[in-house]
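Numbering of ligands and ligand atoms starts at 1, following listing order. None of these values were measured; they are calculated from a predicted model. What's counted below: heavy atoms across the whole structure, side chains too, no hydrogens, waters or symmetry copies.
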Amino acid sequence: MLPDIENMLRLQEADKEIRRLQDEVAELPKRVAAIEQKLAGTKAQLEKAQAAIKADEATRRKYDTSINDLRGKISKYRDQSLDVKTNEQYKALLHEIQFAEKEIAATEDKILELMVNADARDKEIKAAQAELKAETAEIEKEKEQARQRTAEDEKLLAEWRAKRDQMRANINEDLLRQYERVSKFRGSGISEVRDHKCMACQVMLRPQTYNEVRSGNHAVVCDSCQRILYFNPADELVDQKPSTTRPKRHRPKIDAPQAWYYRSEFGETGEVYLCLTNAGAQASRRVYEIHTGRLIGDILIREGDYRQAFPEDITGAIRLNGEWREHELDAWGTELPMVVLDSLQADLDAARYEMTARASAKPEASAATVSPEQAAS
Ligand SMILES: [Zn+2]
């Protein structure tokens, strides 16, 4: 592995750690804010209960005043009753006195009610105060923890940033620029190649690109995602097997809703790729010329799944690996993108290789003329 690649892998680890720490530092104040909001809720409850008590006290004072007024009136009526001349006047005063006495009794009932309420409100306030005390203690603890955590994180961040600067100094400038540019947009700037694929974007590499990455002589960039590619022999056990020169080919899934086929002949066109897709109760067929990727003819739609709908196309064709979404197919329009063509071509090569290997391996049971490579495939 190139020293630059090794340095960049370490740099990527450092960048990841820095990002994690930054996220954590940003997250802590949000947690504290959430607890503070809860605390504010309890405070508001307490204030409401206290305000209610004050209101009750004011009402109580109003009642007391009105009782005093009524008593004043009664004594005034009594004084007047001493001076009345007629029976009617006396009765009228007596009536007034009775009325005022009734009112006093009613007001005294209301005061009693307030006193009962006051007990309940007292309890409410005590509970809210206790809750507030517990929450305040809790938030102080949380805040302290957040403060400590932030301080630790900041310290680690400073250390990692220093390390990162050192790492950057050891990487070729052009590569570093590429790494940082892609990292900024994709979150990582370097990607492992395994099984002929860029592990970050999952796109198959062209055979030549793959070989360049494997050789490790110079840095190579993924055509599809622009990440710098590297190859770790320890991860590519399949390729390491001395018995085979090719990675094992994935088997296409029998029941996949989309199937790609290769036909050596298709009408006047010659070699084509067929893309057959099931959608609901219908199947569609697209035909592409294999060298240019040009769409040939219209997209054909028939009833049933593609095995029932296009049996004549499948017979004698080579099934390939490949699965793309319907909207991608639509987006490509009348031409397959280069990455798709390359991926299909690589799989076709692998399929052909497999077929030859299998064909030559067959007589192995009767004759010992087969090399170990072929037998193992
Ligand atoms: Zn890629």
#### Entry: Qualifying residues under side chain to side chain donor-acceptor pair (under 3.5 Å), relative to E24, sequence neighbours excluded
R149

#### Entry: Salt bridge flag under 4.0 Å for residues K110 and E113
no

## Note on the structure
Shell check on the Zn ion (ligand 1): protein N, O or S atoms less than 2.8 Å away are C198 SG, C201 SG, C222 SG, C225 SG

### Query
Any ion pair linking E47 and K43 (charged N to carboxylate O, less than 4.0 Å)?
no

### Query
Who pairs with E335 by side chain to side chain donor-acceptor pair (under 3.5 Å), at least two apart in sequence or on another chain?
none

### For V116, the rest of its hydrophobic cluster, which grows through side-chain links under 4.5 angstrom
none

### Message
As a quick check of understanding, evaluate side-chain hydrogen bond (donor to acceptor under 3.5 Å, both in side chains) for E323 and Q258, giving each step before the final call.
### Response
CA-CA 6 Å; E323 199 178 340; Q258 185 185 92; over 6 Å; no

